[in-house]
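Reckoned from all heavy atoms, side chains included, excluding hydrogens, waters and symmetry mates.
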Amino acid sequence: MPHILSSSSTVMSTIFLGSPQFSYTPSLSSPKNPFKLPISIMATCIHSSRTKSPPKNKPQINNNVYNYVKYCQPNFPNLITSNPFSQKILKVEEEEGEENLWVKMKDEAKFDIDQEPILSSYYVSSILAHESMERALANHLAMKLSSSNLTNTTLYDLFIGVLTDDQDLIKSVKADLLAVKERDPACISYVHCFLNFKGFLACQAHRIANKLWLNGRKILALLIQNRVSEVFAVDIHPGAKIGKGILLDHATGVVVGETAVIGNDVSILHNVTLGGTGKMCGDRHPKIGDGVLIGAGTCVLGNVRIGDGAKIGAGSVVLKEVPARTTAVGNPARLLGGKENPKRLDKIPSLTMDHTSHISEWSDYVI
């Protein structure tokens with residue numbers, strides 16, 4: 001946890017992981033609100049709708065809260081996104097390049113503080129006190145995954161080392177942010193996803209663990225996997241390979257085995273298992289292609305391939321290969337349209353997030 005020192009003069013010095021010491025005098029009072037909220041208040045992050053601007057007479061936080069650090073603007077190259085099998089590519093709007101994603105997140109944090117001043121300390125320590133997304137992510141994950149025997153400073157040093165050493169990794173982080181914001185209507189902002197979506201956080205922790213695993217630091221990678229499983233209820237073996245533009249929606253109960261491979265622009269819902277079929281060793285887990293959508297409660301078992309742009313209906317059990325751009329549903333799963341002439345999808349299901357359009361053609365079930 002950040003150490004916050006306060007005095008009667010309200011001048012505070014705060015030390016954040018990876019940030020220089022600084023001081024400022026927050027001003028959170030107004031004629032209508034004579035009480036000063038202590039900047040040290042920590043609270044669970046809550047959100048409010050962004051359909052309205054803050055009232056003009058709402059007390060504003062002094063700019064000192066935002067400007068106490070000389071920020072260094074990160075200089076990231078333009079995002080290179082994946083293209084599964086169609087011309088649609090996830091990208092930031094042209095006027096808002098990837099380099100500005102971090103700037104936008106800081107603006108969103110300031111807006112949230114205006115909406116809920118009680119969360120000012122939370123947003124300052126989590127977002128505004130950091131000069132780059134790498135440092136903010138390293139700090140946030142360290143705070144989440146630390147324990148009494150594994151300090152946040154130790155984890156921060158480890159995480160920031162991995163994140164700054166591999167710029168491709170941070171590109172994947174940003175692609176995941178864009179994916180969640182585009183596909184999940186419950187995501188109201190990038191900073192909301194970054195701070196609160198455990199599927200996103202679990203995926204980024206896995207990226208770090210996978211990098212450690214590939215570098216031979218397997219004990220440490222497995223320890224991170226265990227902490228992610230305990231904290232986020234997401235169990236991804238550090239040996240699993242995951243692409244970018246990934247959405248783990250809700251994420252609770254997701255299990256991914258050691259030799260599993262997940263392609264780019266994939267959307268996976270909660271309680272999905274990509275597992276093996278027994279005690280055999282070697283390459284034994286599923287291979288998920290680009291643009292695949294896997295519904296809630298699905299089990300894909302064994303070294304089987306799910307082709308690019310395929311859709312797996314909720315609650316299915318898949319034991320055999322699913323061809324590209326087809327829909328498989330049921331237990332055991334079967335192809336919509338039949339094995340000989342399966343119906344082909346004309347859109348990327350992981351991007352449309354369409355879970356139900358196949359039902360009327362597949363089943364006579366009615367309510």
Side-chain angles (χ1 to χ4, degrees), residues 44-54 65-66 69 71-82 89-116 119-120 122-141 143-144 159 163 167-208 232 242-251 264-267 350-351 353:
T44 304
C45 185
I46 57 177
H47 66 265
S48 57
S49 173
R50 280 175 169 69
T51 57
K52 298 180 180 179
S53 299
V65 176
Y66 307 136
V69 177
Y71 291 108
C72 298
Q73 296 301 327
N75 183 21
F76 299 117
N78 288 334
L79 177 65
I80 301 175
T81 54
S82 56
I89 302 176
L90 267 180
K91 60 183 178 180
V92 195
E93 297 86 347
E94 260 179 58
E95 65 273 13
E96 179 198 316
E98 182 203 316
E99 184 177 348
N100 292 326
L101 184 56
W102 176 238
V103 176
K104 181 172 179 59
M105 287 176 59
K106 291 195 293 184
D107 290 339
E108 291 173 344
K110 294 174 185 178
F111 181 87
D112 286 350
I113 292 174
D114 288 338
Q115 295 286 83
E116 293 290 352
L119 299 179
S120 57
Y122 180 77
Y123 277 99
V124 167
S125 61
S126 300
I127 301 294
L128 298 176
H130 303 281
E131 64 184 18
S132 67
M133 186 180 294
E134 294 97 317
R135 292 186 178 278
L137 181 60
N139 175 70
H140 196 51
L141 287 177
M143 300 292 284
K144 290 283 189 180
F159 293 166
L163 289 169
Q167 285 300 298
D168 286 337
L169 198 155
I170 203 65
K171 288 181 182 180
S172 297
V173 172
K174 294 183 178 183
D176 293 347
L177 266 176
L178 297 173
V180 177
K181 183 64 169 61
E182 178 174 289
R183 301 175 210 165
D184 188 350
C187 182
I188 60 176
S189 67
Y190 294 113
V191 76
H192 175 56
C193 170
F194 188 89
L195 294 177
N196 302 320
F197 278 37
K198 70 176 185 176
F200 169 79
L201 294 172
C203 190
Q204 309 326 312
H206 166 75
R207 295 189 188 283
I208 295 173
F232 299 127
I242 297 182
K244 57 187 176 181
I246 304 300
L247 168 62
L248 300 183
D249 197 2
H250 302 290
N264 299 321
D265 295 335
V266 172
S267 295
S350 69
L351 303 185
M353 297 296 288

Distance in Å, [X] [atom1] paired with [Y] [atom2], rounded so as to fall on 0.5 Å steps:
X: Q115; Y: Y123; atom1: CD; atom2: OH; result: 10.0 Å
X: I113; Y: Y122; atom1: CD1; atom2: OH; result: 12.0 Å
X: H206; Y: I242; atom1: NE2; atom2: CD1; result: 3.5 Å
X: D184; Y: H250; atom1: CG; atom2: NE2; result: 6.5 Å
X: I170; Y: W102; atom1: CD1; atom2: CH2; result: 9.5 Å
X: L247; Y: D176; atom1: CG; atom2: CG; result: 9.0 Å

Heavy atoms, side chains only, cut-off 4.5 Å: are [X] and [Y] in contact?
X: M353; Y: E182; answer: no
X: N139; Y: F159; answer: no
X: V173; Y: L137; answer: yes

Keeping E108 on the side-chain end and V191 on the backbone end, is there a donor-acceptor pair under 3.5 Å?
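Answer holds: yes.
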Non-hydrogen atoms of [X] and [Y] that approach each other most closely:
X: A175; Y: K244; answer: CB-CB, 4.0 Å
X: L248; Y: C203; answer: CD1-CB, 4.2 Å
X: S125; Y: H130; answer: O-NE2, 2.8 Å
X: R183; Y: S267; answer: NH1-OG, 2.9 Å
X: I246; Y: V180; answer: O-CG2, 4.3 Å
X: I127; Y: A109; answer: CG2-CB, 4.0 Å

What class does the angle between the rings of F194 and H140 fall in, given that below 30° is parallel, 30 to 60° is tilted and above 60° is perpendicular?
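Parallel, since the angle between the ring planes stays under 30°.
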Apply side-chain contact (heavy atoms from CB on, under 4.5 Å) to L177 and L101, showing your working.
CA-CA 9 Å; L177 266 176; L101 184 56; 4.2 Å; yes
